[in-house]
There are 2 protein chains.
Amino acid sequence: MARAGLSPELLVRAGADLADEAGFEHVTLSEVARRCGVKVASLYSHLKNSHDLKTRIALLALEELADRAADALAGRSGKEALTALADTYRDYARVHPGRYTAARFRLDPATAADSAGPRHARMTRAVLRGYDLPEGEETAAVRLLGAALHGYVSLEAGGGFDHSAPDTQATWERTLDALDSLLRNWPAPDHT
Amino acid sequence: MARAGLSPELLVRAGADLADEAGFEHVTLSEVARRCGVKVASLYSHLKNSHDLKTRIALLALEELADRAADALAGRSGKEALTALADTYRDYARVHPGRYTAARFRLDPATAADSAGPRHARMTRAVLRGYDLPEGEETAAVRLLGAALHGYVSLEAGGGFDHSAPDTQATWERTLDALDSLLRNWPAPDHT
DNA sequence: TACTTCTCCCTAAAGGCTTTAGGCAAAGGG
DNA sequence: CCCTTTGCCTAAAGCCTTTAGGGAGAAGTA
């Protein structure tokens, strides 16, 4: 039998491409094997199981996304940085919808800690450094910003905006304007 | 054979409960049949197929969520309304995580149009009526608000906030303060 | 070069989920 | 009371995952 030259990296890449084409939920060892011209059982020498494949695709996506975000952020601050980070996420989700979904795959704590996840958190905090938020408000702002960006991108990808009127590019720009404005005018805690 | 008294409603309810217990991605006709004390093939008299079951669970969740939101919004406006709507979503997602996930299940356009989805959109717009947004900015605000709320709730549910410091209740309240403030001070389009 | 060892991919098989086809018996109308 | 309808069943085929065990290249050693 001619050797196919499999490796975890090759399989993960094939799985990630499959995710982008067919959706992350359709990523299957069988299909990956088929695409690599190999029998399913052969994959088990390189991957623990199906969950392992999905985890590795998630790690790949987080890494790719963090690399792009880091490039986009270099040398920018304030609204420019906000826009750069946001556009990076949105563009990635559009070009690589399956990978983007994979990036949300739930990882166990140890794996998550070793992933590029923390890099993403640091980059978000770096963007916020361009705004001077009150002491102790950073975590709330990180979460709001993360939520708004992820929420927008995932609703858009999920077709949630398909049946309402204005094109999503316009409302995306307004969303970034609004977030920028919010960060520049972060409200004091409301004690009513 | 004693009749089990199946019906689409019964099966959908069983499926929704299963989703809440095991996660929407583990909802399976086999498991639903098992829980109803019935063989799998029997389900096909009541449901078209597995996708049909998931669709119906999604419709149920959207409906339940819209009913609760409508109750919570009754008689409120401004920040009270915003908080009521937001808390409804968050509480529902915490008590019924599988149903909440199901509510994001992608529906075909015709089904979506007939679902409670449009009610949700109308309620969000109703909340915004309590703020006077500039002409033509409503859709952007609807999307930002929907994105922020869904994003927060889904990141929280997905464990995205598990490994950072402050408790999520506090940052949730700050998030709502921030969104309220943003809606009260919606920025003019930025022509820089 | 010839032999050994290891690695890689294969076949085989068991178990789970989905879906369709066809049967039997309980419910319910005439 | 019969008979039609309906509801749940058995059977079977197809696809996916996972484990066990085998054969043939590739690589190291003499």
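Every chain is numbered from 1 and lettered A, B, ... according to where its sequence line falls, protein lines coming before strand lines.
Using a 4.5 Å cut-off on side-chain heavy atoms (C-beta onward), B/Ser77 and B/Arg129 make no contact.
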### Task
Might you work through the ring pair (Phe, Tyr, Trp, His ring centres under 6.0 Å) test for B/His96 and B/Phe24, ending with a clear yes or no?
CA-CA 10 Å; B/His96 296 297; B/Phe24 185 62; over 10 Å; no
### Task
In sequence, state the C-alpha distance, the side-chain angles, and the governing distance for B/Arg90 and B/Arg94, and then conclude on side chain to side chain contact (heavy atoms under 4.5 Å, CB included).
CA-CA 6 Å; B/Arg90 182 163 178 253; B/Arg94 296 176 135 198; 2.9 Å; yes
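One interatomic measurement links the two molecules: CG of B/Leu47 to C1' of D/dG7, which rounds to 14 Å at whole-angstrom precision. Across the protein-nucleic acid pair, A/Asn49 atom CG and D/dC16 atom P stand 17 Å apart, rounded to whole Å. Taking atom OH on B/Tyr44 and atom C1' on C/dG22, their separation rounds to 16 Å, with Å as the unit. Nucleotide C/dT20 holds its P atom 13 Å from the CG atom of B/Leu43, rounded to whole Å. Rounded to whole Å, atom P of D/dT19 lies 11 Å from atom CG of A/Leu29. Distance, B/Asp52 CG to C/dT20 C1': 16 Å, rounded to whole Å. The distance between atom NE2 of A/His26 and atom P of C/dT18, rounded to the nearest whole Å, is 13 Å. A/His51 places its NE2 atom 15 Å from the C1' atom of D/dT18, with the value rounded to the nearest Å.
Side-chain contact, B/Asp132 with B/Trp186: no donor N or O sits under 3.5 Å from an acceptor N or O.
Ranking D/dT17, C/dC9, C/dT19 by closeness to the A/Ser50 side chain, first place goes to D/dT17. Set against D/dC8, C/dT19, C/dT11, the side chain of A/Lys39 has C/dT11 as its closest nucleotide.
Listed pair A/Arg34 / D/dC15 fails the phosphate criterion, with no side-chain N or O lying under 4.0 Å from OP1 or OP2. Residue A/Ser45 places none of its side-chain N or O atoms closer than 4.0 Å to OP1 or OP2 of C/dT7. Phosphate contact (OP1/OP2 of D/dT6, side-chain N/O of B/His46, threshold under 4.0 Å): absent. An OP1 or OP2 oxygen of D/dT17 is reached within less than 4.0 angstrom by a side-chain nitrogen or oxygen of A/Ser30.
If you find the closest nucleotide of DNA chain D to A/Thr28 and to A/Ala41, the one lying nearer the 5' end belongs to A/Thr28.
Annotation: cation-pi pair A/Arg143/B/Phe161 present, NZ/CZ under 6.0 Å from the ring centroid and within 45° of its normal.
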